[in-house]
Amino acid sequence: MDCYTANWNPLGDSAFYRKYELYSMDWDLKEELRDCLVAAAPYGGPIALLRNPWRKEKAASVRPVLDIYSASGMPLASLLWKSGPVVSLGWSAEEELLCVQEDGAVLVYGLHGDFRRHFSMGNEVLQNRVLDARIFHTEFGSGVAILTGAHRFTLSANVGDLKLRRMPEVPGLQSAPSCWTALCQDRVAHILLAVGPDLYLLDHAACSAVTPPGLAPGVSSFLQMAVSFTYRHLALFTDTGYIWMGTASLKEKLCEFNCNIRAPPKQMVWCSRPRSKERAVVVAWERRLMVVGDASESIQFVLDEDSYLVPELDGVRIFSRSTHEFLHEVPAASEEIFKIASMAPGALLLEAQKEYEKESQKADEYLREIQELGQLTQAVQQCIEAAGHEHQPDMQKSLLRAASFGKCFLDRFPPNSFVHMCQDLRVLNAVRDYHIGIPLTYSQYKQLTIQVLLDRLVLRRLYPLAIQICEYLRLPEVQGVSRILAHWACYKVQQKDVSDEDVARAINQKLGDTPGVSYSDIAARAYGCGRTELAIKLLEYEPRSGEQVPLLLKMKRSKLALSKAIESGDTDLVFTVLLHLKNELNRGDFFMTLRNQPMALSLYRQFCKHQELETLKDLYNQDDNHQELGSFHIRASYAAEERIEGRVAALQTAADAFYKAKNEFAAKATEDQMRLLRLQRRLEDELGGQFLDLSLHDTVTTLILGGHNKRAEQLARDFRVPDKRLWWLKLTALADLEDWEELEKFSKSKKSPIGYLPFVEICMKQHNKYEAKKYASRVGPEQKVKALLLVGDVAQAADVAIEHRNEAELSLVLSHCTGATDGATADKIQRARAQAQKK
Amino acid sequence: MAFPHRPDAPELPDFSMLKRLARDQLIYLLEQLPGKKDLFIEADLMSPLDRIANVSILKQHEVDKLYKVENKPALSSSEQLCFLVRPRIKNMRYIASLVNADKLAGRTRKYKVIFSPQKFYACEMVLEEEGIYGDVSCDEWAFSLLPLDVDLLSMELPEFFRDYFLEGDQRWINTVAQALHLLSTLYGPFPNCYGIGRCAKMAYELWRNLEEEEDGETKGRRPEIGHIFLLDRDVDFVTALCSQVVYEGLVDDTFRIKCGSVDFGPEVTSSDKSLKVLLNAEDKVFNEIRNEHFSNVFGFLSQKARNLQAQYDRRRGMDIKQMKNFVSQELKGLKQEHRLLSLHIGACESIMKKKTKQDFQELIKTEHALLEGFNIRESTSYIEEHIDQQVSPIESLRLMCLLSITENGDARCSLDTHYGPEHLLTFSNLRRAGLLTEQAPGDTLTAVESKVSKLVTDKAAGKITDAFSSLAKRSNFRAISKKLNLIPRVDGEYDLKVPRDMAYVFSGAYVPLSCRIIEQVLERRSWQGLDEVVRLLNCSDFAFTDMTKEDKASSESLRLILVVFLGGCTFSEISALRFLGREKGYRFIFLTTAVTNSARLMEAMSEVKA
């Protein structure tokens, strides 16, 4: 254990810094790093190298080559650079490589060297060229800042939502600033630049000169500046070999250091961590690395090779041609445990566990010591925490074992932290593996979140590992496995060498109907790659028709979209497609399409009925649907037309249509209606009053009521009103008029086809018993009893009923016998009944 | 009298939750438009809205004035207008005219349209065409289930019937699926599903898709309702066409029950005012007579009146203390009962006055003859006379439809268009919906009919008619009736006081077809053995059963059955199934697109002058 702290270097009184190897690089670089443009993404991200970037020759053999490696040096992509000269490289937060060209164009590449898109940093740059560029990260995403040949700055705070901001001019700036950086404060991006002994801060509105507090005198130029990972701190390196460290707001000085090296450093970055005890700046020259903090002594390392520094959240990664190392401040928990002669509870617990394994009674002594101080819980927590910060699985294990050992002596220790740490370390060790090459520390991992880590694995096409992690962590399918499978499928459709069938089948086999997988998204991707057929095949697997339709429309498969929409049963969707079709096809084709889709057709008809009547007519015409066309014109005859001529004309059209539909009944009826309309009009002219729009029945009635009996009869004859109906009609009308004389005349005109009971009924309805009696005598035998009862002649009714020997009639009469008046009649009936029964 | 439920009958789920949900959502939507606003309500939505949120609740949420949506310029002076409408194009045009008038006058107000139960793309498109899409904000009030009673949920969508069965418009089916989805999320999954009819099948499948998309939510919930049965109205038009003789049905036929309440006119209330009365299980008197055959109701009511009197009489001979008790506790209840009793007696009298006349007896007799299939000639001539007398076109049409369906279209009566030209269209509508079926040749009607039937096979008519051709085929009522034994054989008088089967809802003459099908399927727990009936109903492709394997359903829930009527159901059917439930120890819950009756069916098919 003594040797464990061998690589710890104290900085000042309180903090230790250590450097350990992450990987030995296996990338077989031919060039020196200094001959390349280098960009390494934070959070253990990939490394991009552009070789020969500065050669001007056009010869193919010396064209620049862009290589992308994982953090462990595994090649991910390599491509020949064919575009213009590149000024700067950088990775976005989504791990996309941004290549800023001299002409201001920014080309965006994926992790695998696939070209994504490009954008420009403005027209002004075209003439002035880009001198320098920085890619920086903000809360919103990744930003780009450029310095043009005219010494003006332009920046965009988020390349995902590109808004270019041209920064104000720096007064009197004649040459390029000696150094500059992008700063992000209060959600606003600024530029800090150094010109000679002066510092300027550029924001959107103004350029202001700033002075760091407590800066040593005698500075004539700033050679380097560094902003910490969180934009909270700033370090300045001057030409006097003096380093100023303070807050990025330039309001406070933290410390200063004089390293007495006047050569400009190659790189300078901050090395701190959240809750850092002693923040430090790492300065790199060709062969020397210096860690400087608030201490009189600095830590110095010798660099054997050309190295490159990558600032991280909690340290600095340093890679060279052969190795990849991590330099950081030793975390608090580790320090407590491993510091030489530490008596911290964690250290004691670790010791106790070791003794326990050796079966030594010392274990008990140590344990007692911790327990006596009541620090066992703290000890366990310390061990768990320290395990998280260890890179070597062996050390992680022994710390966790100690924690587990200590846990046994605690009654109520919540297991969560221990379990989660075990899980997290397992995931971390898996992704730190050489083949994967994502050297995340525990703090970085927590900052990044598992979701983002999964996304990054997916981005690296490490689908199986991602799925295993999801399953291991038991993430819900929708967030975990399904999402990864969907990504896999989206990647799969880009494999152009595989046939459509194979891809579709492979995808369906893997995905089945995993919940949360959207086949339409995958299909959209396939369509994006120009594989329309594949997209259609994939859409077949989409269970929700609603999801299929928009893409099908986009792919101009409107007819297929229509049938899918109909399948979905969602009429809104059908309607969407219909309107799309209506604009896309000419009218004839549109109607033809409709004709084959009854559901869509009826939907569209419904719409037309309310909104586009003419189209409705056209629809029927197109289909030679004369029946409906006839109905359409009939509707028009009373709904749309006002003038009588127009109405007759509409009816004529309707009648013609009905004839064409071989619907003679309807045609005849329509013609009758035309005749009636004309006639009503004539009646109105001749007699006055309202006739139009009455039915035939009402017309006749109105005529009778008006005393035009002749005309009424004529009309009835003309329209062949059946006799029975005419009798009913006249009867009702005359009774309404109370024209009893005419009624009687009418009743005697010939034998009534409806019998005479209605006459009795109607008279009684008008309370005219006298008239009713007249007709009661003429009622036929079957209904005689009823008629007599109606007029209230119970006695006679009884006689008739007895005569008929009809049981039903007898009881009917009996039920009408009331009280004393009809007592005799009732007796009579009872007698007749008794007699009938005897027989 | 009022039949008690069997002691083991399951408890009904509490559907008042649906009301609360709808109310909360409406309030939320109103609050989205902060400040005072005027609310424009579509006439059709007024009664349902009243059941959910009364005026004082609306006022609480800063609704200032209420207006009816009608084709008149709005007088509202409010700065914010809110429209609560059904998704109809007509309404969109009304709103557009309002907004455009404001624009012309240089006035800017806030407009919000709340569609109930959902918005349709076509509506938004009309708004866009009218150039006001950007001026209004649209929202949906997903209020599709109104609990009218403890066992009756209505979607209050009467237009469903015409839209689907006549126009072939399927837009409401999704709404039905969503309503079912809501029920299953609230009351657990339905382990056993049955259905018959094209629409039933579509609604069922859509609903299943919805469940699959959001699965996990209902999983693991214990089902509260064990069975669901979906039924298209066109499977059984006959029952809906018959005159109703059960009290609730009669009240509906006579006074029209609207959204669970009825307006009793002065002739019923025996005062000079009309009275709006809620008819549901809370009305103790009504609850006891609603399912009774009308012939029993009067006797029951007079008995009840005597009892009431006796209770009143008890106060004689009471001492002060007892009297105090009586007044504070019982009197209110008695008075309430008294009021209800006199109302229902009034209603009965009014019905009697209208119905006990000779013609009603004749009418019922004719209907029964048609159902039983004898004395066709007499029935036909009765109907002819009915037309001759020009009593009411709707009634005549109804009888003709009944004749046509029961007699396999062998009706020999002449329809005259002399009711007015629009009835020519009505006629073709009835034909298309399958309410009038093919005729035998040799008749005036035949001319039309044969032509129309030709149209059916004519390609020009498009496939839409194909969809209906199955309906246009012979209706096979007679054969179905025989198979399912719909006409009970009666020895002697059918005792309506002690009903033996569901036929009592039609005076013992006919068991409602729809109810019989439900009974049979529930008994078998499948369609097995009913193949012939299904074939005769022309529903071979549309009868389905779906049972889930896992048996988590308690025996209690397995006796709760949700019956979904697509296109409306009648009170007679409800009464019949309630009776069946009591007999078998089930409880039925009814979900209907709207409560309907014969007159409403006919009106839905009529072309009226707009």
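All chains are named by letter (A, B, ...) in the order of the sequence lines, taking the proteins before the strands, and each is independently numbered beginning at 1.
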Under a 4.5 Å heavy-atom cut-off, does chain B meet the side chain of A:Phe658, its backbone, both or neither? side chain
Is A:Leu573 close to chain B through its backbone or its side chain, or both, or neither, when contacts mean heavy atoms under 4.5 Å? neither
Indicate whether any N or O donor in one side chain lies under 3.5 Å from an N or O acceptor in the other, for B:Glu159 and B:Tyr164.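 Checked: B:Glu159/B:Tyr164 side chains show no N/O donor-acceptor pair below 3.5 Å.
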Going by residue number, which parts of residues 123-131 of chain B are within reach of chain A, meaning a heavy-atom gap below 4.5 Å?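 B:Met125, B:Val126, B:Glu129, B:Glu130, listed by number.
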Side-chain contact test, heavy atoms from C-beta onward, threshold under 4.5 Å: evaluate it for [X] versus [Y] and give yes or no.
| X | Y | answer |
| --- | --- | --- |
| A:His580 | A:Thr576 | no |
| B:Phe161 | B:Met605 | yes |
| A:Gln606 | A:Lys609 | yes |
| B:Trp172 | B:Thr175 | yes |

Which one wins on heavy-atom pair count under 4.5 Å against chain A: B:Glu205, B:Arg93, B:Gln118? B:Arg93
Run the salt bridge (Lys or Arg N to Asp or Glu O under 4.0 Å) test against B:Lys365 and tell me which residues pass, sequence neighbours left out.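 Per chain and number, B:Lys365 pairs via salt bridge (Lys or Arg N to Asp or Glu O under 4.0 Å) with no residue.
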What part of B:Arg88 gets closer than 4.5 Å to chain A, counting heavy atoms only: side chain, backbone, both or neither? neither
Which region of B:Ile173, side chain (C-beta onward) or backbone (N, CA, C, O), has a non-hydrogen atom less than 4.5 Å from a non-hydrogen atom of chain A, or is it both or neither? neither
Evaluate the criterion side chain to side chain contact (heavy atoms under 4.5 Å, CB included) for residue pair B:Met92 and B:Phe120; output intermediate values, then yes/no. CA-CA 11 Å; B:Met92 296 307 105; B:Phe120 287 126; over 6 Å; no
Against chain B, work out which of A:Leu579, A:Leu603, A:Thr732 has the most heavy-atom pairs shorter than 4.5 Å and name it.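 Looking at each option in turn, the highest pair count goes to A:Leu579.
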Please work out which of the three classes, parallel, tilted or perpendicular, describes the rings of A:Tyr519 and A:Tyr541, given edges at 30° and 60°.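 Ring orientation, 0 to 90° scale: tilted.
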Verdict with reasoning, A:Thr699 to A:Gln680, per side-chain hydrogen bond (donor to acceptor under 3.5 Å, both in side chains): CA-CA 8 Å; A:Thr699 313; A:Gln680 285 171 333; 3.1 Å; yes
